[in-house]
Amino acid sequence: MPHCRQFEMKREARDEQLERMQHSAAHVMAEAVQHLFPEAKFGIGPTIENGFYYDFELPRPLTPDDLPVIEDKMGEFILRDASFVTEQMSKKRARELFADQPYKLELLEEIPEADVTIYKHGSFWDLCRGPHLNSTGELRAVKLTRIAGAYWRGDEKRPMLQRIYGVAFESEEQLGEYLQRQAEAAKRDHRKLGKDLDLFSTHEEIGPGLICWHPRGALVRRIIEDYWKDEHDKRGYDIIYTPHIAKLDLWKTSGHWEFYRESLYPPMEIEGQHYMLRPMNCLGHILIYKSRLRSYRDLPIRYAELGTVYRYERTGVLYGMARVRGFTQDDAHIFCRPDQVEDELLEVVRLAQFMMSSFGFEEYEVFLSTRPERYAGTAAMWEEATESLRHVLDRLALDYEEDPGEGVFYGPKIDVKLRDALGHEWQGPTIQVDFNLPQRFHFCYIGEDGSEHSVTMIHRTVLGAMERFVACLTEHYGGAFPVWLAPVQAVIIPIADRHADYAHGVEADLRSEGVRAIVDDRSERMNLKIREAQLEKVPYMLIVGDKEVASASASLRARSNEDLGPEAVAAIKSRIKTAIESRS
RNA sequence: GCCAGCGUAGCUCAGGGGUAGAGCAGCGGUUUCGUAAACCGCCGGUCGUCGGUUCGAUUCCGACCGCUGGCUCCA
C-alpha cells in the first residue's frame with residue numbers, strides 16, 4: 001500500500017497474518033482495478049479496523065455492479081499465486097517508476113528517507129513498506145463491501161477519489177462469521193428499531209434531523225430524564241429553564257456568532273430586533289448567575305437544564321437520532337472558585353461514570369483534549385486547567401487518551417465516547433472548562449476581602465444529548481430495554497375472551513404498583529399475541545386462562561423465551577417490582 | 001456540502017414506455033384457541049416532487065426533496 005499509513009486510532013494488537021492478508025488484498029484489488037481501468041491513478045490503500053480500502057481516480061464513477069467484476073478479476077490473480085517481492089530503491093528511481101502517478105509522487109515527496117521500498121506481485125507494484133503475504137495464493141476469503149467517495153488526503157478542497165472497501169479473512173468460515181456479525185449488528189441499528197418499536201420518526205415535511213418522539217420513545221426518554229433530575233437534585237444542582245431564542249447581540253457578545261456562524265440557524269427579525277435560535281444553553285445560565293451579586297459563600301453554583309438546542313448540520317452528516325439538528329442536552333454549568341475547580345471536575349466525572357453504569361455502558365473511551373491553535377485565555381490558564389483535568393482522571397485511575405490540540409477554543413475538555421452497534425463512535429458525556437465566557441460576560445463573585453474575583457465556569461453533560469443517548473441505548477440493548485426502562489413492562493394475554501375481565505383485574509393490580517402493564521385483549525390467538533410481544537421485546541408476558549383465573553395466578557413468560565410457568569399474581573408483581581428497583 | 005446508490009400501499013418488497021402487484025398491517029365477519037403468525041372477505045397507491053423527451057412516462061432524461069453507504073465536518 002502506498003505509504004502504508006498506520007492507522008492512528010488505538011487498535012488492539014491484531015493477528016499479524018490477518019493484517020498481511022488485508023494489506024495484500026488491497027494490493028490485489030488495486031491490480032484488478034488497474035486491469036479494468038488502465039488509466040487509473042492510485043491514492044492510498046491502508047488496512048483499517050475491519051479490512052482495507054484503496055482510493056482511485058478513475059475515468060468513470062463506480063457503481064455497485066462493478067464490485068463483483070473486480071472481485072472476479074482478483075480471483076484470477078489469486079489463482080495465479082504471484083509472489084510478493086520487495087525492492088528497495090532510491091526516491092529518484094521511484095519517481096521514474098511512478099511518473100504517471102501524481103498521487104504516488106506526492107506521497108514520495110513526504111517520505112523523509114532517501115530510499116523507499118516498493119512491493120511487487122504479478123504486473124502490479126506499489127509504494128509500500130509491507131509486510132505482505134508470500135504470494136497472492138495465500139489469500140483465502142476476500143469480499144469487497146462498498147464504494148464511497150473520499151477526498152484525497154481527507155481534504156475537502158482536493159479531488160474526490162473513489163474508494164473501495166473490502167474485507168479479507170483466513171477462511172470462508174471466518175468471512176461468513178463476519179458477515180453474520182454485521183447482519184446481527186444491523187438488526188440493532190436504532191434507525192430500524194426506532195421504527196419497529198415505534199420509538200421515533202422524522203418527517204420530510206418537518207425537515208431532516210428533527211425528531212418526533214412517539215409515546216414509547218418519549219416514555220423511555222422521560223424515565224431517563226426523571227432519573228437524571230433525581231440524581232442532580234441529590235448532588236446539589238439547581239434545575240432551571242431558559243428560553244430557546246435570544247437576541248442576536250447576546251450571541252455576538254458570547255462569540256458564538258463569530259466562531260460558529262456556519263452552524264447557526266440564521267437570525268429572525270421580530271419588532272426590528274434580530275433573534276436567534278440557541279445553539280447552546282450556557283447564556284441563560286450565565287444571566288441567571290449574573291442576576292445578583294454572588295458571594296464566595298454561594299459557590300459553587302450548579303445550574304442544570306435539559307436544554308434543547310438547534311445547530312445547522314450539513315445534510316450528509318445527519319444520522320438517525322444520533323446526529324441531528326435539534327437536540328436536548330443534559331446540560332449544566334458550574335460556577336466556582338478556582339480552589340473548587342478540581343473537586344467539581346472530580347464530582348462531574350464521577351457522575352458521568354455513575355450515569356454510564358446506571359444505563360449499562362461498561363465500555364467507553366475517555367479522551368482529554370488539549371489546547372488548539374486558536375484559543376481564548378492564556379497559555380498558563382490552559383496549562384492549569386488541563387493539569388486539573390489530568391489530575392482528576394488520574395485520581396479516578398481512568399484510562400484515557402490525549403487528543404492534542406483538540407480542545408474547544410474556549411478551554412480544555414474531557415470527552416467520553418460510546419460505540420453504537422455498527423461500530424461508530426459517538427460523543428456522550430463531555431466536561432469542558434471555559435475561559436472565554438467569564439471574560440466576555442465579566443462575571444465574578446465577591447470574595448472574603450470584599451472585592452471581585454473571577455469565576456471559573458465548567459460546562460458539562462453526563463449523558464450527552466437525549467437523542468443520541470437514547471439512540472446508543474437502543475443499540476446497546478438491541479431494543480430489549482431493561483425492565484426499568486422498558487416502555488411496556490408486562491403484557492397480559494388472555495387466552496380466550498372470557499379471561500379478559502380477569503386480565504384487566506391483573507392489569508389494574510400491576511398498575512396500582514407502578515408497573516407499566518397492558519392487556520392484549522384483541523380477538524386473536526394467544527400465539528400471535530406472544531409473538532408480537534416477543535417482537536416488541538416486552539420483558540414479561542402474563543398468560544391467563546381458565547387455570548390461572550381459578551388460582552389468582554398467571555403463567556409467566558420472559559422475553560428471553562423462557563416459560564417460567566404459573567406463578568401467583570402477587571409473586572409476579574413483586575418479581576417485576578424487584579427488577580424495576582434494581583434497574584435491571 | 002461532496003461521491004455513489006436508492007425512493008412503488010401504513011410496513012417489507014416485486015414489477016416495469018401503454019396509468020400497477022404480493023405478504024403483513026387496517027377495516028368487516030367467522031373462530032375462543034395453552035407459549036413466536038387461525039380462516040374468509042373488503043378497503044387501500046397522482047409509483048417522492050417539479051420540469052423535459054414521447055402519441056403516451058410510474059418506467060427514459062434533468063433539477064429539487066428525502067433516505068442509505070462513505071468522505072469532510074461535529075461547540
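Throughout, a chain's letter reflects where its sequence line sits, starting with A, and its residues are numbered from 1. Small disclaimer: the values here were computed from a predicted structure and weren't measured. Below, each value reflects all heavy atoms present in this structure, side chains not excepted, and no hydrogens, waters or symmetry copies.
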Query raised in the report: Honestly, is A:R191 close enough over A:Y319, meaning NZ or CZ under 6.0 Å from the six-membered ring centre and within 45° of the axis?
Result: yes

Report task. Test A:F37 against A:F56 for ring-ring contact (aromatic ring centres under 6.0 Å, His included), laying out the working first. Result -> CA-CA 10 Å; A:F37 302 96; A:F56 311 98; 8.6 Å; no

Side-chain N or O of [X] versus OP1/OP2 of [N]: is the shortest distance under 4.0 Å?
X	N	value
A:R146	B:G70	yes
A:K195	B:G10	no
A:R323	B:C73	no
A:R191	B:G69	yes
A:R525	B:A38	yes

Query raised in the report: For the ring pair A:H333 and A:Y289, is the centre-to-centre distance below 6.0 Å?
Result: no

Using only atom types and a distance under 3.5 Å, with no angle test, would you say the side chain of [X] pairs donor to acceptor with the backbone of [Y]?
X	Y	answer
A:T202	A:P208	no
A:Q432	A:H459	no
A:K417	A:Y364	no

Of the candidate nucleotides [options], which contains the atom at the shortest distance from the side chain of [X]?
X	options	result
A:K413	B:C33, B:A75, B:U72	B:A75
A:E204	B:G34, B:C65, B:G70	B:C65
A:S263	B:A75, B:A36, B:G34	B:A75
A:D497	B:U32, B:A36, B:U72	B:U32
A:E548	B:U72, B:G34, B:C33	B:G34
A:M160	B:G1, B:A75, B:C2	B:C2
A:K547	B:U31, B:G34, B:G1	B:G34

With a 4.0 Å cut-off on heavy atoms, is [X] in touch with a base, just the backbone sugar-phosphate, or nothing at all?
X	answer
A:N527	sugar-phosphate
A:A148	base
A:Y319	sugar-phosphate
A:Q432	sugar-phosphate
A:P279	base
A:R163	sugar-phosphate

Query raised in the report: Any luck finding a side-chain donor-acceptor pair between A:Y502 and A:E548 under 3.5 Å?
Result: no

Report task. Scan side-chain atoms only and decide if A:T328 and A:T308 contain a donor-acceptor pair under the 3.5 Å cut-off. Result -> yes

Inter-nucleotide [atom1] distance ([N], [M]), Å rounded:
N	M	atom1	result
B:C2	B:G16	P	33 Å
B:C42	B:G1	C1'	49 Å
B:G10	B:G45	P	8 Å

Report summary line: Atom CZ of A:R325 and atom C1' of B:C74 are separated, to the nearest Å, by 13 Å

Query raised in the report: For RNA chain B, what residues of residues 56-64 of chain A have any heavy atom nearer than 4.0 Å?
Result: A:P61, A:L62, A:T63, A:P64

Query - Face-to-face stacking of A:Y260 with B:A75, centres under 5.5 angstrom, angle under 30° - result: yes

Query raised in the report: With nearest nucleotides of RNA chain B determined for A:L264 and A:M526 from heavy-atom distances, which residue corresponds to the more 5′ nucleotide?
Result: A:M526

Cut-off 3.5 Å, no hydrogens considered: what does the side-chain donor-acceptor table look like for residues 255-265 of chain A, sequence neighbours left out?
unit_1	atom_1	unit_2	atom_2	d
A:H256	ND1	A:S254	OG	2.6
A:R261	NE	A:W257	O	3.2

